[in-house]
Trainee: 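Okay, here's the structure, questions in a sec.
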Amino acid sequence: MAGISHAIRACATASRRSLSAASAAALPKEAAAAEVRAAAAATGRKWREREDGRRVQWVFLGCPGVGKGTYASRLSQLLDVPHIATGDLVREALASPGPFSKQLAEIVNHGKLVSDEIIINLLSRRLEEGEEKGELGFILDGFPRTIRQAEILEGVTDIDLVINLKLQEEALLAKCLGRRMCSQCGGNFNVASIDIEGENGGPRMCMPPLLPPPQCESKLITRADDTEEVVKERLRVYHDLSEPVEEFYKARGKLLEFNLPGGIPESWPKLLQALNIEDPDNERSAAA
Ligand SMILES: Nc1ncnc2c1ncn2[C@@H]1O[C@H](COP(=O)(O)OP(=O)(O)O)[C@@H](O)[C@H]1O
């Protein structure tokens, strides 16, 4: 993926109109869901066979709290590609002192999106570092989140597959409010115990808490943007600005919709199955 970081920067400065025109011209006909599943299966095989030395270039979409980070990180380990979460890049920038982090905090802690320019800058820098280390492929999590970001990405590289994780809104709020991180080891946990009626007569949704080990218990922190008011705003912003990105990829035949059936032990094997990927250590890793 040499050069993506430079191309992405250059594209971000090009006019929005020319980018839209270029990507609309390249638009294939809307593909059926079955074709997307076949493409996902082919991508899974490509990964296993690695004939061309290529690694996957995947994107994770989904509402705040759906579990993009959890599943993207697991897949990145399995597929041996970096998991690049723009939310993590933003939080790293927030943690460094100075006026820039103050400016970011004003935006992030109110549940708004930071500007496309800022996010492209952070992402290009991360991709540059990866290129220097010889990284191949990626799983992007939290990017693209606006149509403009999707157009920019489309203009600089081929995305093989976009996985759209879905969960009931009630569960999303509970999961965000239950999210905890260990300030020492960086481990992610969730204290929420979710047991809700299925939507439209669907099956009950049960997700047990993912509790920290005793050594982390006293060091748990909550994200400043995981308050009820801010999570509701983030969900609103997602519906307004990010949901159209799902349509963008659906129209290009790249979107794989995945309804999470429950917690990690239930969902992980089913996600691997949908992607036609065999986890050599499935039993153990599903339970972890
Ligand atoms: N692609 C992006 N574009 C704009 N802002 C972003 C992007 N990615 C992350 N952010 C900012 O970082 C915050 C945290 O991101 P993330 O951890 O991905 O949140 P979430 O849990 O809501 O999916 C977002 O609310 C937003 O302010």
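Heads up: numbering here begins at 1 and tracks the sequence. Numbering of ligands and ligand atoms starts at 1, following listing order.
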Trainee: Before accepting this row, confirm whether a basic side-chain N of the pair Glu128/Arg125 lies closer than 4.0 Å to the acidic partner's carboxylate O.
Mentor: no
Trainee: Compute whether any side-chain donor of one residue and acceptor of the other, for Asp116 and Thr146, lie under 3.5 angstrom apart.
Mentor: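 On atom types as modelled, these side chains qualify, holding a pair under 3.5 Å.
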Trainee: Of all the non-hydrogen atoms in the protein, which one sits nearest to atom 15 (O) of ligand 1, and at what distance?
Mentor: Gly87 CA, 3.4 Å
Trainee: So does Glu170 have more than 12 non-hydrogen atoms from other groups sitting under 6.0 Å from CD?
Mentor: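 Not more than 12 within 6.0 Å, no.
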Trainee: Take a 6.0 Å sphere around CD of Gln184 and say whether it holds more than 12 heavy atoms from other residues, nucleotides or ligands.
Mentor: no
Trainee: Tell me the protein heavy atom at minimum distance from atom 11 (C) of ligand 1, and give that distance in Å.
Mentor: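 Minimum-distance protein heavy atom for atom 11 (C) of ligand 1 reads Val90 CG2, 4.0 Å.
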Trainee: Are Asp226 and Arg234 ion-paired here, with the side-chain N under 4.0 Å from a carboxylate O?
Mentor: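 Result for this pair is yes, salt bridge flagged.
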Trainee: Between Glu135 and Arg55, is there a side-chain N and carboxylate O pair less than 4.0 Å apart?
Mentor: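 Looking at Arg55 together with Glu135, the answer is no, because their closest N to O distance does not fall below 4.0 Å.
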Trainee: Could you tell me, atom by atom, which parts of ligand 1 come under 4.0 Å of a heavy atom of Gln149?
Mentor: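 Within the 4.0 Å cut-off of Gln149, ligand 1 contributes 1 (N), 2 (C), 3 (N), 4 (C).
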Trainee: Suppose we measure from atom 9 (C) of ligand 1 to each protein heavy atom; which comes out shortest, and what is that distance?
Mentor: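 Protein heavy atom at minimum distance: Arg145 NH1, 3.6 Å.
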Trainee: Inspect the surroundings of NE2 in His239 and state if more than 12 heavy atoms from other residues, nucleotides or ligands are less than 6.0 Å away.
Mentor: yes
Trainee: We want to know whether Gln57 and Asp160 form a side-chain donor-acceptor pair, criterion being a heavy-atom distance below 3.5 angstrom.
Mentor: no
Trainee: If you measure every N or O of Cys63 against every N or O of ligand 1, does any of those distances drop under 3.5 Å?
Mentor: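 No; every N/O pair is 3.5 Å or more apart.
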Trainee: Can we say Glu169 and Lys232 salt-bridge, meaning some charged N sits less than 4.0 Å from an Asp/Glu carboxylate O?
Mentor: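 Salt bridge: no.
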Trainee: If you measure from the Lys or Arg side-chain nitrogens to the Asp or Glu carboxylate oxygens, is any gap between Glu246 and Lys254 under 4.0 Å?
Mentor: no
Trainee: Quick check on contacts: which atoms of ligand 1 are under 4.0 angstrom from a heavy atom of Arg91?
Mentor: 14 (C), 17 (O)
Trainee: What about Arg179: any of its N or O atoms under 3.5 Å from an N or O on ligand 1?
Mentor: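 Yes.
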Trainee: Looking at Lys112, which atoms of ligand 1 are within less than 4.0 Å of one of its heavy atoms?
Mentor: 26 (C), 27 (O)
Trainee: Any idea which atoms of ligand 1 are less than 4.0 Å away from a heavy-atom of Phe143?
Mentor: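 Within the 4.0 Å cut-off of Phe143, ligand 1 contributes 1 (N).
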Trainee: Does ligand 1 have a heavy atom under 4.0 Å from the side chain of Arg223, from its backbone, from both, or from neither?
Mentor: side chain
Trainee: Tell me: protein heavy atom nearest atom 13 (C) of ligand 1, and distance?
Mentor: Val108 CG1, 4.0 Å
Trainee: Pick, from Ile119, Leu61, Val230, Leu241, the option with the minimum heavy-atom distance to atom 2 (C) of ligand 1.
Mentor: Ile119
Trainee: Which heavy atom in Pro144 sits nearest to a heavy atom in Leu153, and how many Å separate them?
Mentor: CD-CD2, 4.0 Å
Trainee: Polar-atom distance check: Lys68 versus ligand 1, any N or O pair below 3.5 Å?
Mentor: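 Looking only at distances, the answer is yes, because the N/O contact criterion of under 3.5 Å is met.
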Trainee: Could you list which atoms of ligand 1 come closer than 4.0 Å to a heavy atom of Val114?
Mentor: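 In order of number, 4 (C), 5 (N).
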Trainee: Would you mind checking which non-hydrogen protein atom is closest to atom 8 (N) of ligand 1, with the distance to 0.1 Å?
Mentor: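 Ranking protein heavy atoms by distance from atom 8 (N) of ligand 1, first comes Thr86 OG1, 2.9 Å.
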Trainee: For ligand 1, which atoms, with element, lie under 4.0 Å from some heavy atom of Gly142?
Mentor: 1 (N), 2 (C), 7 (C), 8 (N)
Trainee: Looking only at distances, please establish whether an N/O atom of ligand 1 is found under 3.5 Å from an N/O atom of Arg234.
Mentor: yes
